[in-house]
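Could you have a look at this structure, given as structure tokens, before my questions?
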Amino acid sequence: MDQGNITIAIVDDEKIFRVLTRKKLEEVMEKIPFSFIMREFSSGLQFLNEKETFDIVFMDIAMPKLSGLDTAEKYREYNPDGILIFLTAYDEYMKEGYKVNAFRYLGKQDDSQEFFEAVKSAMLILQAKQKMRFQLLNSGEVFVSLDDIVYLESQTRSSLIHMKNNEILPIRNKISELTELLEKRGFYLVHRAYLINMRYARSCVAGEVIFSTLEKVPISERRSHEFRQILKEFHALEGKGI
């Protein structure tokens with residue numbers, strides 16, 4: 001990741017499909033609380049010459065000179081863990097994807113719902129891998145997986161991390177600082193004192209956000225409408241509507 005941004009590459013020799021993929025991505029990313037940086041490449045060779053790693057790569061399979069599968073094999077030599085999503089109209093290519101650990105296959109004309117599901121699933125995987133360093137209130141520091149944080153609570157000149165295992169970590173970071181760092185990584189400030197992990201939010205009722213852990217935090221009235229819409233989109237494909 002690049003300073004909190006999801007890095008995405010689109011590799012396709014046809015400009016019309018690069019534009020289509022970019023448009024779909026922009027529509028999806030507006031609906032979920034992640035920020036991103038996107039680059040486009042018109043061939044596998046151009047992509048590989050950059051020697052750049054990305055969090056997610058959308059790769060056309062049927063490209064001239066160097067196919068998407070061949071490009072992916074070379075890419076895996078220096079980025080074994082990045083998420084690869086192949087774009088193809090040909091089912092016969094799918095059986096080859098195991099060689100490069102393909103995450104998804106999407107048809108170039110797939111509807112936005114299928115595209116959204118693939119991107120959202122990729123975002124959640126990326127979030128689960130992320131760790132952040134926090135300064136403990138008394139002394140020392142701790143690395144915490146963002147996926148283990150349910151919410152953060154503001155204190156006087158400090159904050160509390162509420163973990164999914166019910167552990168509470170007192171840290172030096174202020175909620176304003178944490179919001180700046182985390183709001184584009186799947187977190188949302190529901191109240192000036194509460195920054196929550198959207199992955200654990202399940203409903204918003206009577207001025208409160210209720211988590212899958214059954215914990216509750218207040219939400220400000222002015223944020224309620226926007227939050228409900230974001231929550232609806234975030235969990236639309238998990239069968240957990242609000």
Side-chain angles (χ1 to χ4, degrees), residues 1-132 145-147 181 184-186 237:
M1 293 202 182
D2 180 2
Q3 297 181 346
N5 292 297
I6 303 294
T7 55
I8 300 173
I10 302 170
V11 188
D12 198 315
D13 63 302
E14 296 184 75
K15 183 176 181 179
I16 187 173
F17 287 116
R18 293 200 304 273
V19 171
L20 180 62
T21 302
R22 171 182 279 275
K23 184 178 179 181
K24 284 183 178 180
L25 274 167
E26 289 172 344
E27 289 174 353
V28 168
M29 299 302 280
E30 283 181 359
K31 298 177 181 178
I32 50 181
F34 292 91
S35 62
F36 66 99
I37 293 174
M38 197 182 316
R39 292 193 62 192
E40 297 178 24
F41 300 89
S42 60
S43 71
L45 289 173
Q46 182 192 25
F47 173 71
L48 293 172
N49 285 340
E50 294 287 327
K51 286 291 183 182
E52 189 173 348
T53 60
F54 294 87
D55 295 308
I56 306 174
V57 177
F58 288 84
M59 181 86 70
D60 179 27
I61 288 185
M63 292 187 292
K65 294 185 179 179
L66 193 66
S67 73
L69 287 168
D70 291 336
T71 301
E73 282 194 59
K74 294 181 182 297
Y75 179 60
R76 281 297 188 219
E77 293 175 6
Y78 59 90
N79 186 14
D81 300 320
I83 293 175
L84 274 173
I85 298 176
F86 281 120
L87 304 171
T88 180
Y90 304 102
D91 291 342
E92 68 256 29
Y93 286 119
M94 296 185 181
K95 62 185 178 182
E96 301 295 326
Y98 75 92
K99 296 179 182 178
V100 290
N101 191 25
F103 177 69
R104 286 284 196 284
Y105 285 86
L106 292 175
K108 290 190 175 185
Q109 302 293 344
D110 279 353
D111 61 32
S112 56
Q113 186 76 354
E114 192 165 351
F115 196 89
F116 172 62
E117 190 278 332
V119 175
K120 186 178 74 78
S121 296
M123 295 296 120
L124 294 177
I125 288 173
L126 290 173
Q127 184 191 36
K129 291 179 179 179
Q130 294 180 74
K131 287 191 176 184
M132 183 172 286
S145 170
L146 298 187
D147 192 50
L181 291 170
K184 295 178 180 178
R185 300 190 189 187
L237 298 172

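Below, each value reflects all heavy atoms present in this structure, side chains not excepted, and no hydrogens, waters or symmetry copies.
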Under 6.0 Å between ring centres, would you say that holds for F115 and F58?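 Between F58 and F115, which both carry aromatic rings, the centre distance is below 6.0 Å.
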Gap between atom OH of Y75 and atom OG1 of T53 - 0.5 Å precision: 5.5 Å
Do V57 and F47 make a side-chain contact, defined as non-hydrogen atoms from C-beta onward lying under 4.5 Å apart?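 The answer is yes, as the side chains (C-beta and beyond) meet within the 4.5 Å cut-off.
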If you measure from NZ on K74 to NZ on K51, what distance do you get to the nearest 0.5 Å?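 Rounded to the nearest 0.5 Å, the NZ-NZ separation comes to 9.0 Å.
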If you define the side chain from C-beta out and look only at heavy atoms, does anything of T21 sit under 4.5 Å from L106?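 Counting from C-beta outward, T21 and L106 never come under 4.5 Å.
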Under 3.5 Å donor-acceptor, S67 side chain and M63 backbone: no
Look at the side chain of R76 and the backbone N and O of G82, then say whether any donor-acceptor pair between them is shorter than 3.5 Å. yes
For the atom pair CZ (R22) and NZ (K15), what is the distance rounded to the nearest 0.5 Å?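 R22 atom CZ to K15 atom NZ measures 11.0 Å (nearest 0.5 Å).
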Full working for side chain to side chain donor-acceptor pair (under 3.5 Å) between S43 and D13: CA-CA 5 Å; S43 71; D13 63 302; over 6 Å; no
If I take atom CZ from residue F17 and atom CD from residue E40, how far apart are they, to the nearest 0.5 angstrom?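 Atom-to-atom, F17:CZ and E40:CD are 14.0 Å apart.
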Which distance, rounded to the nearest 0.5 Å, do you find between the CZ of F36 and the OG1 of T7?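 One finds 12.0 Å between CZ of F36 and OG1 of T7.
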For residues 60-71, pull every pair meeting salt bridge (charged side-chain N to carboxylate O under 4.0 Å, His left out), keeping only residues two or more places apart or in separate chains.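 Qualifying pairs, neighbours excluded: D60-K108.
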Looking at L66 and G44, what are the two nearest heavy atoms and their distance? CD2-C, 4.2 Å
Distance-minimising heavy-atom pair for F86 and A72: CZ-CB, 3.7 Å
To the nearest 0.5 Å, what is the distance between CE on M59 and CZ on F54?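 The CZ atom of F54 is 10.0 Å from CE of M59, to the nearest 0.5 Å.
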